[in-house]
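Both counts, for ligands and for their atoms, begin at 1 and track the order of listing. Because only heavy atoms are used, hydrogens play no part in the values below, and waters and symmetry mates are left out as well, while side chains stay in.
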Amino acid sequence: MSLKGRSFIDLSDFERYELRQFLDAGADLKRKQKRGEPHELLKGKSLAMIFMKSSTRTRVSFEVGMTQLGGHALYLEPGGSQLGRGETIGDTAQVLSRYCDVIMARVFAHSDVTDLAKYATVPVINGLSDLLHPCQIMADMLTIEEHRGSLEGQKIVYVGDSNNVSNSIMQGCTIMGMDVTIGSPKGYTPSEVILKKATHLSKKYGTTLEVVNNPDEAVKGADVIYTDTFFSMGQERSKEKEAALMPFQVNKVLVGKAKKDVIVMHCLPAHRDEELTSEVMDGPHSVVFDQAENRLHAQKGIMALIV
Ligand code: CP
Ligand code: NVA
């Protein structure tokens with residue numbers, strides 16, 4: 001199926017060859033940008049960016065990405081549009097579709113972004129929901145490929161709180177042929193629904209997918225260790241959750257239990273010395289700022305193909 005006109009909401013909506021096209025487009029646009037070659041593939045196009053939550057990377061990378069592609073991006077801040085005053089998602093989607101060529105949204109309830117896509121007549125991109133963060137994982141896979149040469153057969157271990165980032169890892173990395181391990185304490189493991197869907201994908205693509213409750217066991221043989229904040233946006237801090245997750249902190253000792261050349265990833269923003277020590281984040285295994293940069297390139301690839 002052609003990618004033009006498709007929404008980008010959930011990595012499991014795509015086949016491996018389709019995600020490959022997005023990744024290759026992102027890598028190609030990255031090369032062009034580095035060489036200073038013009039690549040104004042979306043000249044005259046406009047992107048509406050709806051933010052219901054805070055952002056640094058997503059906002060800046062989409063806005064700059066659209067500028068580099070020759071288009072224009074509009075920022076609708078949290079509470080800044082009529083959505084905050086009760087205009088429905090459906091009406092908003094229809095109105096924005098009359099002005100813009102693509103919509104990106106960062107939302108709380110995942111149904112908000114699927115509803116946007118249902119009513120919009122232009123493609124909708126999920127810039128993070130409580131359930132999924134697909135653009136992040138596309139940037140991450142581009143980064144893994146740059147550092148490890150390939151995706152297939154690599155073991156990625158996510159340690160910490162099971163959340164939107166780990167859910168998208170379970171989908172995207174599985175589709176691309178990676179072996180995925182989630183190391184989370186009891187009570188903070190992936191939901192049954194997400195696990196079932198990802199298990200289906202791992203069977204389809206012949207990969208392994210496991211959930212373990214012991215961080216040392218999880219990182220054995222890891223090519224990639226990935227972590228994220230203990231408390232995602234919209235979640236209340238709690239001492240109980242912090243205590244459960246602290247043993248899953250990515251520190252020098254844990255990293256020492258993975259492969260010698262393991263790369264360490266984090267979607268950022270990091271809570272230094274909570275889920276990830278500064279020593280590791282600023283150390284030789286860390287690729288966290290490459291990931292952040294690749295948000296720009298990966299998303300340009302996505303926009304160039306769907307718009
Ligand atoms: N990783 C990520 O999505 O960062 P922001 O919250 O800064 O957009
Ligand atoms: N899991 C984090 C990711 C932030 C980019 C959150 O949802 O807050």
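- Contacts between T58 and ligand 2, counted as non-hydrogen atom pairs separated by less than 4.0 Å, are absent for every part of the residue.
- For atom 3 (C) of ligand 2, the closest non-hydrogen atom of the protein is D228 OD2, 3.6 Å.
- When hydrogens are left out, the protein atom nearest atom 4 (O) of ligand 1 is R57 NE, 2.8 Å; that is the closest non-hydrogen contact.
- For ligand 1, the polar-atom distance check against R295 finds a nitrogen or oxygen pair separated by under 3.5 Å.
- For S232, a nitrogen or oxygen atom sits less than 3.5 Å from a nitrogen or oxygen atom of ligand 2, counting backbone and side chain alike.
- For ligand 2, the polar-atom distance check finds no N/O of R106 at less than 3.5 Å from any of the ligand's N/O atoms.
- Residue contacts with ligand 1, taken as heavy atom pairs separated by less than 4.0 Å, involve Q136 solely via side-chain atoms from C-beta onward.
- No more than 12 heavy atoms of other residues, nucleotides or ligands sit less than 6.0 Å from atom NE2 of H200.
- Inclusion of M233 in the set of residues having an N or O under 3.5 Å from an N or O of ligand 2 is warranted.
- Defined by atom type and a distance below 3.5 Å, a donor-acceptor pair is present between the side-chain atoms of E210 and T181.
- For the pair K241 and F230, the cation-pi test (distance below 6.0 Å, angle within 45°) is failed.
- Salt bridge present: K30 and E146 bring a charged side-chain N and a carboxylate O closer than 4.0 Å.
- Atoms of ligand 2 lying under 4.0 Å from at least one heavy atom of L268, given by number and element, are 5 (C).
- The shortest heavy-atom distance from D130 to ligand 2 is not under 4.0 Å.
- Between K257 and K220, the closest side-chain pair of non-hydrogen atoms is not below 4.5 Å.
- Between atom 3 (O) of ligand 1 and the options H266, Q291, M233, R106, the minimum heavy-atom separation is to R106.
- Below 3.5 Å of separation, one finds no N or O of T229 facing any N or O of ligand 2.
- Between E77 and R59 there is no salt bridge, since no side-chain N of the basic residue sits under 4.0 Å from a carboxylate O of the acidic one.
- Judged by distance alone, the side chain of T207 and the main-chain N or O of K203 form no donor-acceptor pair under 3.5 Å.
- Atoms of ligand 1 lying under 4.0 Å from any heavy atom of C267, numbered from 1 in the order shown and given with element: 1 (N).
- For ligand 1 and T56, the ligand atoms under 4.0 Å from any heavy atom of the residue are 5 (P), 7 (O), 8 (O).
- Heavy-atom contacts of N163 reach the following atoms of ligand 2: 1 (N) (cutoff under 4.0 Å).
- Counted within 6.0 Å of OH on Y119, heavy atoms from surrounding residues, nucleotides or ligands total 12 or fewer; the atom is thus considered open.
- Between D179 and K155 there is no salt bridge, since none of the side-chain N atoms of the basic residue sits less than 4.0 Å from a carboxylate O of the acidic one.
- For atom 4 (C) of ligand 2, the closest non-hydrogen atom on the protein side is L128 CD1, 3.9 Å.
- Taking the charged nitrogens against the carboxylate oxygens, E145 and R20 do have a contact shorter than 4.0 Å, which makes a salt bridge.
- Taking the charged nitrogens against the carboxylate oxygens, R272 and E279 have no contact shorter than 4.0 Å, which rules out a salt bridge.
- Remark: minimum distance from atom 7 (O) of ligand 2 to any protein heavy atom is reached at N164 ND2, 2.8 Å.
- Ligand 1 has a nitrogen or oxygen under 3.5 angstrom from a nitrogen or oxygen of L268.
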